[in-house]
Amino acid sequence: MKENFFNHIPTGETLPVNNVHAVSVSMPYLQDVIDYEEQTPEICEKIKSGYPRFILHPYLKKLASFIKKKYKICDEYEVVLLSSNKAVELVSDKYYIYNKIDINEPFGVILVQNGTSQFQKVLMYIQHVGCNLSSRLAEKYLYEEGLIDTLYQEELEDKERSKDIIIGTLANAYKQPKDKVCLAPSGMNAIYSIVRGLHSIQARNGRDVLVQFGWLYLDTMNIINHHFQRQKVFSDITNLDLLEEYLKQEGRRVTAIITELPTNPLLKCVDIKRLRKLCDEYNIPLVIDTTFATPYNLDLTDYADIFVESLTKFASGNADVLMGAIILNKKHTLSHMTAEFFNHCDPVYIKDMQRMAFEIQGYEKRVKKISSNTKVLVDYLKKCSYIKKVYYCLDEENKENYSATMIDDNSLTGIVSVVFTKPLKEIYDKLNFAKGPSLGTEFTLLMPYTYLAHWDLIQTEEGNKFLEEIELPIDLIRISVGIEPIEEIIKEFKKLEK
């Protein structure tokens, strides 16, 4: 008898499995997710690593402990590691932290007093701005100090060629010159750098409002809150009438409009032609997060002033390296202002670059296969009796909005979100796909989106009402479709018919 293609992955196992630099972690049961959100001792024992901006990597814990001993730092202070000394200045200036001990290391170190609210604020800010220390840099340091015995073996591109391969691939995909592309150590650091650049421009031109169009990724909104006193949020990306009325009154005060295309996780799409026309009318730069779309599904060259992408997702495909990118559009108004946006990006560690360079060479092929699989899977799910609602790109609601940007008729971004007629726990626990945070992987990956992204809102009646207002179902599962044989993906879902 043929074995199942998908098999149970134990709680706390890295995703990808047995990869020390994995950025996702297996949560195969809904109770795992709840325990994680509530930080029960049992789950903390099992989950050793996960998405690096949310869960501290074991190598970073070990390195922080070593630094504490090396510099004889007393227990009153906690050692926090950052990607660079530039990041140290950023965090120190915001929270008035000044190390009393001179620390000389090839990465950033700050000392934060224990038992204070400041400590949690610092950790949250680092999460938002994405200046976490690379696990590969920590690994190298620990190995050279004799604190670990081996280095993880993985396929890497040549040091000298890596940066050029990544930037060249992105420049070609986005149809821009190489000098319009900048790398960052995470997608959030790229977003942060854009927001800082916009803040600088605002200081000169007197425009002080940043418009968030659509219900954006939570940390994107947090970064905007840190740096813009005035923001305007339009949660419904399909309602451009509201935006247009607002711009008639306040258009000359808007620094920029930032949006996702399509949105996460409901995969809604703005009427991009109309939005661009409004931006032109009021001379407003348009920033688009293209992580979901990828440059291989949608061509947004005629619409965005600035693209931002989390390369951790589809560009990597393996969920084992954090990286982001800013791409400035040579056709639009901000193309000459590279320094404003690029100077705020933190440096990317070379070994992360080597790994990404190896992976990104399969980017286009990977996206095309995922897109093809997604199309077949959506056709199947739409006919299933146990499905209440399927959210996907190019449904009848969105089709007109996408027509201007589709690369070809088969383009379908590799994310599908689903609400089932059966209880969430029954569905989630039964499926043997990889289950955990992140997306864009070559392996199919499921995530109970609202549980992991908005647990705080699930807990209160007021929060539940807000989720209803933005039309985000609590029991939604986001599916990141992989490159496995589509018949095997569908076969796994067919288990739910029994």
Next on the checklist: Please determine whether the number of non-hydrogen atoms from other residues, nucleotides or ligands lying under 6.0 Å from atom NZ of Lys62 exceeds 12.
Outcome noted: no
Next on the checklist: On the six-membered ring of Tyr95, is Lys121 placed so that its NZ or CZ lies under 6.0 angstrom from the centre and within 45° of the ring axis?
Outcome noted: no
Next on the checklist: With no hydrogens and no angle check, just 3.5 Å: does a side-chain donor-acceptor pair link Tyr174 and Glu309?
Outcome noted: yes
Next on the checklist: If I compare all heavy atoms of Leu198 with all of Thr255, which pair ends up nearest, and what's the gap?
Outcome noted: O-CG2, 3.5 Å
Checklist entry - Less than 4.5 Å apart, any side-chain heavy atom of Leu90 and any of Val129? => result yes
Checklist entry - To the nearest 0.5 Å, what is the distance between CD1 (Ile55) and CD (Gln127)? => result 10.5 Å
Checklist entry - Roughly how far, to the nearest 0.5 Å, is CD1 of Ile370 from NZ of Lys365? => result 12.5 Å
Checklist entry - Under the 3.5 angstrom rule, does the side chain of Thr291 hit a backbone N or O of Ser310 as a donor-acceptor pair? => result yes
Checklist entry - Take atom NZ in Lys159; do more than 12 heavy atoms of anything else shown fall under 6.0 Å from it? => result no
Item to check | Leu261 and its side chain to side chain contact (heavy atoms under 4.5 Å, CB included) partner, picked from Thr290, Leu298, Thr413 | outcome: Leu298
Item to check | Check: Ile97 main-chain N/O paired with Ser92 side-chain donor or acceptor under 3.5 Å | outcome: yes
Item to check | salt_bridge(Lys268, Glu260) N-O dist < 4.0 Å | outcome: no
Checklist entry - Would you say the side-chain atoms of Asp35 and Gln31 include a donor-acceptor pair closer than 3.5 Å? => result yes
Item to check | Distance flag, aromatic centroids of Phe433 and Phe493, threshold under 6.0 Å | outcome: yes
Next on the checklist: For a quick test of reading the model, state the closest non-hydrogen atom pair linking Cys345 to Cys182 and the distance between them.
Outcome noted: SG-SG, 3.8 Å
Checklist entry - Is Lys465 salt-bridged to Glu469, cutoff N-O under 4.0 Å? => result no
Next on the checklist: Would His8 and Tyr29 count as a ring-ring contact (aromatic ring centres under 6.0 Å, His included) here? Give the steps.
Outcome noted: CA-CA 10 Å; His8 174 79; Tyr29 303 113; 5.5 Å; yes
Item to check | Salt-bridge criterion met for Lys369 and Glu442 (N-O under 4.0 Å) | outcome: no
Item to check | Close side-chain approach of Thr263 to Phe292, heavy-atom, < 4.5 Å | outcome: no
Next on the checklist: Tell me whether the rings of Phe107 and Tyr141 are parallel (<30°), tilted (30 to 60°) or perpendicular (>60°).
Outcome noted: perpendicular
Checklist entry - Is a side-chain donor or acceptor of His57 paired with a backbone partner of Ser134 at a separation under 3.5 angstrom? => result no
Checklist entry - So, does Asn373 use its side chain to make a donor-acceptor pair with the main chain of Gly482 at under 3.5 Å? => result yes
Item to check | Distance in Å, Leu445 CG paired with Lys313 NZ, rounded so as to fall on 0.5 Å steps | outcome: 11.0 Å
Checklist entry - Taking C-beta and beyond as the side chain, do Leu63 and Val79 meet within less than 4.5 Å on heavy atoms? => result no
Checklist entry - Is the side chain of Ser135 donor-acceptor paired with the backbone N or O of His21 at a distance under 3.5 Å, no angle test? => result no
Item to check | Lys46 atom NZ, over 12 foreign heavy atoms within 6.0 Å | outcome: no
Checklist entry - By side chain to side chain donor-acceptor pair (under 3.5 Å), which residues pair with Asp164, not counting sequence neighbours? => result Lys178
Item to check | Check against salt bridge (charged side-chain N to carboxylate O under 4.0 Å, His left out), Lys140 and Glu144 | outcome: CA-CA 6 Å; Lys140 178 176 180 287; Glu144 289 175 350; 2.9 Å; yes
Item to check | SB check Asp75 Lys68 (cutoff 4.0 Å) | outcome: yes
Checklist entry - Can you find a side-chain donor-acceptor pair between Glu76 and Gln113 that sits under 3.5 Å? => result yes
Next on the checklist: Among Leu183, Leu322, Ile166, which residue satisfies the side chain to side chain contact (heavy atoms under 4.5 Å, CB included) criterion with Val348?
Outcome noted: Leu183
Item to check | Tyr96 atom OH: more than 12 heavy-atom contacts under 6.0 Å | outcome: no
Item to check | Axial cation check for Phe5 ring with Lys491, 6.0 Å and 45° limits | outcome: no
Next on the checklist: Within the 4.5 Å heavy-atom criterion, are Leu210 and Arg230 side-chain neighbours or not?
Outcome noted: no
Item to check | Side-chain (Asn189) to main-chain (Asp346) donor-acceptor, under 3.5 angstrom | outcome: yes
Next on the checklist: Between Tyr71 (side chain only) and Asn104 (backbone N and O only), is there a donor and an acceptor less than 3.5 Å apart?
Outcome noted: yes
Checklist entry - Is the closest side-chain heavy-atom distance between Ile360 and Leu170 below 4.5 Å? => result yes
Checklist entry - Where is the tightest heavy-atom contact between Tyr428 and Gly436, given as atom of each residue plus distance? => result OH-N, 4.5 Å
Next on the checklist: Using only atom types and a distance under 3.5 Å, with no angle test, would you say the side chain of Asn318 pairs donor to acceptor with the backbone of Ser316?
Outcome noted: yes
Checklist entry - Does a donor on one side chain sit under 3.5 Å from an acceptor on the other, for Gln361 and Glu157? => result yes
Item to check | CD/Glu160: more than 12 non-hydrogen atoms of other groups inside 6.0 Å | outcome: no
Next on the checklist: How long is the straight-line distance from CG of Asn464 back to CD1 of Ile474, given to the nearest 0.5 Å?
Outcome noted: 4.0 Å
Checklist entry - Say you draw a straight line from CZ of Phe314 to CD of Glu359; how long is it, rounded to the nearest 0.5 Å? => result 14.0 Å
Next on the checklist: Does Arg136 form a side-chain contact (heavy atoms from CB on, under 4.5 Å) with Glu154? I'd like the steps, not just the answer.
Outcome noted: CA-CA 11 Å; Arg136 288 179 176 84; Glu154 56 186 344; 2.8 Å; yes
Next on the checklist: Consider side chain to side chain contact (heavy atoms under 4.5 Å, CB included). Of Ile486, Val481, Ile479, which one does Thr374 pass it with?
Outcome noted: Val481
Checklist entry - Can you name the nearest heavy-atom pair linking Pro262 to Cys393, along with the distance? => result CG-SG, 3.4 Å
Item to check | Main-chain N/O of Leu15 paired to Ser24 side chain as donor or acceptor, under 3.5 Å | outcome: no
Item to check | Heavy-atom side-chain contact between Leu439 and Arg478 under 4.5 Å | outcome: yes
Checklist outcome for this item: CD1 (Ile288) and CZ (Phe307) are apart, to the nearest 0.5 Å, by 6.5 Å
Item to check | Polar side chain donor-acceptor pair, Tyr125 to Gln120, under 3.5 angstrom | outcome: no
Item to check | Heavy-atom closest contact (Pro437 atom, Leu452 atom, distance) | outcome: N-CD1, 4.4 Å
Next on the checklist: With heavy-atom distances below 4.5 Å as the criterion, would you say the side chains of Asp429 and Pro28 are in contact?
Outcome noted: no
Next on the checklist: Measuring only between side-chain heavy atoms, which start at C-beta, is Thr294 closer than 4.5 Å to Tyr363?
Outcome noted: yes
Checklist entry - Looking at Ile126, Leu133, Val122, which hits side chain to side chain contact (heavy atoms under 4.5 Å, CB included) with Leu82? => result Ile126
Next on the checklist: Could you go through Arg355 and Glu155, starting from their C-alpha distance and side-chain angles, then the distance that decides it, and tell me whether this counts as salt bridge (charged side-chain N to carboxylate O under 4.0 Å, His left out)?
Outcome noted: CA-CA 7 Å; Arg355 180 60 179 162; Glu155 293 181 279; 5.1 Å; no
Next on the checklist: Tell me whether Glu78 contacts the main-chain N or O of Phe119 through its side chain, where contact means a donor paired with an acceptor under 3.5 Å.
Outcome noted: no
